[in-house]
Structure formats: C-alpha cells, structure tokens
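Along the sequence shown, residues are numbered consecutively beginning with 1.
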Amino acid sequence: MTTAVQDALDLDAPWALHPQVALRPESFGALLYHFGTRKLSFLKNRTIVAIIESLPEHPSMRAAIAAAGIPESGIAPYAKAFATLAGSRMITKL
C-alpha cells in the first residue's frame with residue numbers, strides 16, 4: 001500500500017457513508033450520489049458495497065474489511081478504493 005493511500009485512509013478508525021450520500025443498490029453493484037457535491041459514483045464491486053453497508057456495525061474500516069472475508073494480505077486494493085471514496089467525500093471518518 002502506498003504512503004498516499006495510507007495517509008488518505010485510516011483503516012483503524014470508524015468510517016460511515018457521508019450523511020449527504022445515498023447508496024442505491026443496482027444489479028452491477030451500486031450507485032452513490034452525494035447531494036452536496038452532486039457527484040455520482042458507480043460501484044461495480046459488490047464486496048465494496050457490502051463493506052460500506054456494514055460500516056456502522058464495525059469499530060473500524062479494517063474490521064469491516066476483515067468481516068467481509070478479505071485477508072490482511074488482500075486489503076491494499078480495497079484500501080485504495082476506499083481512499084478514493086474518502087477523497088470524494090462519499091465516506092467519512094467518524
């Protein structure tokens with residue numbers, strides 16, 4: 001995992017869908033729409049959608065990823081995706 005991704009995403013902190021974001025499940029994954037920024041994101045990975053939906057149930061992003069069955073060695077691509085979502089304010093650190 002790169003330093004930029006690590007800096008952008010604290011895996012050991014609790015995260016949530018931004019309060020101004022709506023998640024709409026779709027056959028391909030989900031749509032995220034931010035009512036404040038008017039940005040639309042397409043999530044084509046159902047595991048990422050499941051992790052986002054489970055964030056309120058876990059004390060940290062790392063715990064939510066682990067609960068989805070992702071081993072520690074496989075976290076990097078998910079951390080990169082979540083760092084992108086955090087950068088676009090689709091998810092927020094609590």
Side-chain angles (χ1 to χ4, degrees):
M1 189 178 328
T2 66
T3 303
V5 170
Q6 288 174 339
D7 291 345
L9 184 73
D10 181 357
L11 291 174
D12 297 311
W15 287 80
L17 199 60
H18 190 283
Q20 290 185 309
V21 173
L23 183 148
R24 187 172 98 183
E26 295 288 343
S27 59
F28 59 81
L31 292 173
L32 291 176
Y33 181 74
H34 194 298
F35 288 94
T37 63
R38 299 180 64 181
K39 288 185 180 181
L40 180 66
S41 292
F42 294 86
L43 299 179
K44 296 178 184 174
N45 182 314
R46 290 187 178 152
T47 302
I48 290 175
V49 175
I51 293 168
I52 290 172
E53 291 175 328
S54 76
L55 286 174
E57 303 165 18
H58 300 285
S60 69
M61 177 69 74
R62 187 180 307 279
I65 293 170
I70 308 302
E72 188 70 27
S73 62
I75 285 181
Y78 291 92
K80 183 177 179 183
F82 288 120
T84 299
L85 290 172
S88 63
R89 297 178 30 211
M90 293 294 184
I91 60 172
T92 186
K93 187 162 64 167
L94 298 178

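Note that the CG atom of Leu11 and the CD1 atom of Ile65 stand 5.5 Å from one another [nearest 0.5 Å]. Note: Leu17 CG to Leu23 CG = 6.0 Å, rounded to the nearest 0.5 Å.
When the side chains of ILVMFWY residues are joined at heavy-atom separations under 4.5 Å, either directly or via intervening members, Val21 and Tyr33 end up in two distinct hydrophobic clusters. Note on Leu40: it does not cluster hydrophobically with Ile48, by side-chain heavy-atom contacts below 4.5 Å among ILVMFWY residues. Linking Ile, Leu, Val, Met, Phe, Trp and Tyr residues whenever their side-chain heavy atoms come within less than 4.5 Å leaves Ile91 and Leu31 in two separate clusters.
For Arg24, the side-chain hydrogen bond (donor to acceptor under 3.5 Å, both in side chains) partners are Glu26, not counting sequence neighbours. Applying the side chain to side chain contact (heavy atoms under 4.5 Å, CB included) test to Ala68 and every residue at least two apart in sequence or in another chain returns Thr47, Ile51, Ile70.
The shortest side-chain heavy-atom distance between Ile52 and Leu43 falls under the 4.5 Å cut-off. Here the side chains of Asp10 and Met61 are not in contact, with every heavy-atom distance at 4.5 Å or above. Between Pro19 and Thr92 there is a side-chain heavy-atom pair separated by less than 4.5 Å. Side chains of Gln20 and His34 form a contact here, defined as non-hydrogen atoms less than 4.5 Å apart. In this structure, Leu85 and Leu32 have side chains that are in contact, with non-hydrogen atoms separated by less than 4.5 Å.
Closest heavy-atom contact between Ser54 and Ala64: OG-CB, 4.0 Å. Taking each heavy atom of Leu94 and Ala16 in turn, the nearest pair found is CD2-CB, 3.9 Å.
Ser60 places a side-chain N or O within donor-acceptor distance of the main-chain N or O of Ala63, the cut-off being under 3.5 Å.
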Q: Determine, step by step, whether Arg89 and Lys39 satisfy the side-chain contact (heavy atoms from CB on, under 4.5 Å) criterion, reporting the C-alpha distance in whole Å, the side-chain angles of both residues, the deciding distance to 0.1 Å, and the verdict.
A: CA-CA 9 Å; Arg89 297 178 30 211; Lys39 288 185 180 181; over 6 Å; no
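Within the structure, ring pair (Phe, Tyr, Trp, His ring centres under 6.0 Å) pairs that include any residue of residues 50-94 do not occur (at least two apart or interchain).
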